[in-house]
**Student:** 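Right, I'll just put the structure down here and ask away after.
This structure is a prediction, so every number in the text was calculated from the model and none was measured.
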Amino acid sequence: MNQLQLAKHLISQAATVAWDFDGVIADTEPVQAASFAALLAKYDISVSTDFFLEFLGRSERETWRTLKARHGLPKTLDELTMERSKLYLDQAARLSHAHYVSPLLAAAAASGAVSVIVSSGSAMHIRHLLRAFGLTGSFAALYCLGSPQDIDLPDKESRIHYIAGHWPAPQVILDDNPEYLALARSLGMITIAVWHGMTRLGSYREYHACLRH
C-alpha cells in the first residue's frame, strides 16, 4: 500500500478530518515567504533565502511583530498585513491545490467524515484561495484568524485542542508542522504528515502516513 492509499484508508476510518491550509492544501509557503521578502525590500531590508523558516506555522501578526521589532519597520501591524495581502494573493491564486487533496476529500465524503480547516492563517486569504481552487464547499468549518468559529481560539494550538475535544472521533489531521502534529497525536488524533520544500519534519516513523507535494 503506497502512502496515498494509506492516507485514504486512514481517512475512510475517521469521523473528522482536520486540514492545515498553507503547505498542505496548497504549497503556499514559498509564496508566503516571497511576499514577506518583497515587502521588506520596499523598506530596503534584505533577508536570507531561508529567513521564513522560523515563521512557518506562525500567524501573520506574530511574524510581523517579530520583523517589526527586528528591523524597526515604521508601519503598524495592520498596515503591514494589508500591504502584504495583495502581493501574496496575486501570486498564490495562480497555484493549484495539491494532487492528494481531491482523492482524500472524496474518501472522507464517501465514508461520511467531515472535513474542517485548522490553520494559523487568515480566513480572508484561505476563503479567497479555496474559491480559486474550486474547493469552497468542501469544508464544514474554518478555524483560523478571522473566521466565525474562531472567536475564542487565539492560536493554532487552541484550535487543535478544540477540534480534538468537540468534533467526532476518530480524528485525522493533515499538517506540515512537527509541533502541531505532535500535539495532535498527544490528543489521540491520527497524523498524516505533509512534506514540501520548507518542512522541518523528522522521521516518517513518527506519523501514521506521509505525503509529498
Side-chain angles (χ1 to χ4, degrees), residues 1-33 49-59 62-63 95-121 126 135 138-139 141 143-144 153 155-213:
M1 183 182 295
N2 65 34
Q3 291 296 304
L4 179 57
Q5 291 172 325
L6 176 57
K8 288 171 70 174
H9 172 72
L10 293 170
I11 283 175
S12 72
Q13 307 301 305
T16 303
V17 184
W19 298 72
D20 180 40
F21 188 85
D22 292 298
V24 173
I25 290 179
D27 191 13
T28 55
E29 298 292 15
V31 181
Q32 296 273 17
T49 55
D50 63 351
F51 88 100
F52 198 66
L53 292 179
E54 70 174 287
F55 302 112
L56 292 175
R58 293 173 62 179
S59 72
E62 289 179 278
T63 301
L95 299 173
S96 299
H97 59 74
H99 66 93
Y100 49 76
V101 171
S102 292
L104 295 185
L105 284 171
S111 66
V114 177
S115 287
V116 301
I117 289 176
V118 55
S119 171
S120 297
I126 291 172
L135 296 174
S138 299
F139 300 93
Y143 293 93
C144 63
L153 303 174
D155 51 39
K156 188 166 176 180
E157 289 87 348
S158 64
R159 294 164 194 146
I160 292 172
H161 275 281
Y162 183 86
I163 288 169
H166 292 82
W167 283 81
Q171 300 151 342
V172 170
I173 189 168
L174 295 96
D175 210 298
D176 62 340
N177 184 294
E179 289 82 11
Y180 297 139
L181 287 162
L183 170 61
R185 187 158 192 168
S186 75
L187 296 170
M189 301 174 78
I190 296 163
T191 55
I192 299 177
V194 175
W195 259 259
H196 55 74
M198 296 177 73
T199 47
R200 298 167 296 150
L201 296 167
S203 166
Y204 278 70
R205 293 187 295 275
E206 295 177 39
Y207 312 108
H208 296 91
C210 303
L211 298 170
R212 287 187 177 272
H213 273 285

**Student:** Is a side-chain donor or acceptor of S59 paired with a backbone partner of E62 at a separation under 3.5 angstrom?
**Tutor:**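 Yes; at least one donor-acceptor contact below 3.5 Å.
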**Student:** How are the rings of H213 and Y100 set to each other: parallel, tilted or perpendicular (split at 30° and 60°)?
**Tutor:**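 Taking Y100 first and then H213, their aromatic rings sit tilted (interplane angle of 30° to 60°).
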**Student:** For a quick test of reading the model, state the closest non-hydrogen atom pair linking A108 to S115 and the distance between them.
**Tutor:**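 Smallest interatomic distance, heavy atoms only, reads CB-OG, 4.0 Å.
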**Student:** Might you point out which heavy atoms bring D176 and V24 nearest each other, and give the distance in Å?
**Tutor:**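 Distance-wise, the nearest heavy atoms are N-CG2, 3.8 Å.
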**Student:** CG/L4 to CZ/R212 distance, rounded to the nearest 0.5 angstrom?
**Tutor:**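 Going from CG on L4 over to CZ on R212, the span is 14.5 Å.
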**Student:** Can you tell me if Q5 uses its side chain to pair, donor with acceptor, with the backbone of N2 under 3.5 Å?
**Tutor:**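 Between the backbone of N2 and the side chain of Q5 there is a qualifying donor-acceptor contact (under 3.5 Å).
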**Student:** So, does Q3 use its side chain to make a donor-acceptor pair with the main chain of C210 at under 3.5 Å?
**Tutor:**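 It does hold such a pair.
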**Student:** For residues Y207 and P178, report the shortest heavy-atom separation together with the two atoms involved.
**Tutor:**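 Y207 and P178 have their closest heavy atoms at OH-CB, 4.0 Å.
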**Student:** Donor-acceptor check, side chain of H208 to backbone of I192, threshold 3.5 angstrom: yes or no?
**Tutor:**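 Flag not set: sc H208 to bb I192 has no pair under 3.5 Å.
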**Student:** Looking at every non-hydrogen atom in both residues, tell me the closest pair between I25 and I117 and how far apart they are.
**Tutor:**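 It is CD1-CD1, 3.9 Å.
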**Student:** Taking T199 for its side chain and L201 for its backbone only, find out whether a donor-acceptor pair lies under 3.5 Å.
**Tutor:**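 No.
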**Student:** Considering only heavy atoms from C-beta outward, does the side chain of S111 approach that of Q13 to under 4.5 Å?
**Tutor:**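 Result no, sub-4.5 Å side-chain heavy-atom pair not found.
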**Student:** Apply side chain to side chain contact (heavy atoms under 4.5 Å, CB included) to P170 and list each qualifying residue two or more places apart in sequence or on a separate chain.
**Tutor:**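 In terms of side chain to side chain contact (heavy atoms under 4.5 Å, CB included), with neighbours along the sequence ignored, P170 is linked to A15.
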**Student:** Quick one: does any side-chain atom of T16 pair with a main-chain N or O of P168 as donor and acceptor, under 3.5 Å?
**Tutor:**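 Between the backbone of P168 and the side chain of T16 there is a qualifying donor-acceptor contact (under 3.5 Å).
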**Student:** Between E206 and L181, is any pair of side-chain heavy atoms under 4.5 Å apart?
**Tutor:**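 Sidechains of L181 and E206: no contact.
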**Student:** With a 4.5 Å cut-off on side-chain heavy atoms, are D175 and K156 touching?
**Tutor:**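 SC-SC contact between K156 and D175 confirmed.
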**Student:** Check the angle between the aromatic planes of Y162 and H166 and answer parallel, tilted or perpendicular using the 30° and 60° thresholds.
**Tutor:**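 Because their plane-to-plane angle is under 30°, the rings of Y162 and H166 count as parallel.
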**Student:** For the residue pair C144 and G121, what are the closest heavy atoms and their distance?
**Tutor:**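 Here C144 and G121 meet closest at CB-O, 3.2 Å.
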**Student:** Is any side-chain heavy atom of L104 closer than 4.5 Å to a side-chain heavy atom of V17?
**Tutor:**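 A side-chain contact is absent here, since even the closest heavy-atom pair is not under 4.5 Å.
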**Student:** Checking R58 side chain against S120 main chain: does a donor-acceptor pair fall under 3.5 Å?
**Tutor:**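 Answer holds: no.
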**Student:** Restricting to non-hydrogen atoms, name the atom on F21 and the atom on T28 that form the minimum distance, rounded to 0.1 Å.
**Tutor:**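 For F21 versus T28, the nearest heavy atoms are CE2-CG2, 4.3 Å.
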**Student:** Let me know which of D155, L183, D20 forms a side chain to side chain contact (heavy atoms under 4.5 Å, CB included) with I160.
**Tutor:**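 Option passing the side chain to side chain contact (heavy atoms under 4.5 Å, CB included) with I160: L183.
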**Student:** Just so I know, are the side chains of L105 and F139 near enough to count as touching, which here means a heavy-atom distance under 4.5 Å?
**Tutor:**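 Contact flag for L105/F139 side chains = yes.
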**Student:** How long is the straight-line distance from CZ of R185 back to CD1 of I173, given to the nearest 0.5 Å?
**Tutor:**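 The CD1 atom of I173 sits 13.0 Å away from the CZ atom of R185.
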**Student:** Do the non-hydrogen side-chain atoms of I163 and M189 ever get within less than 4.5 Å of each other?
**Tutor:**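 Yes; the side chains approach each other to less than 4.5 Å.
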**Student:** I want to check something: taking the side chain as every heavy atom from C-beta on, are V118 and Y180 in contact at a cut-off of under 4.5 Å?
**Tutor:**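 Not in contact.
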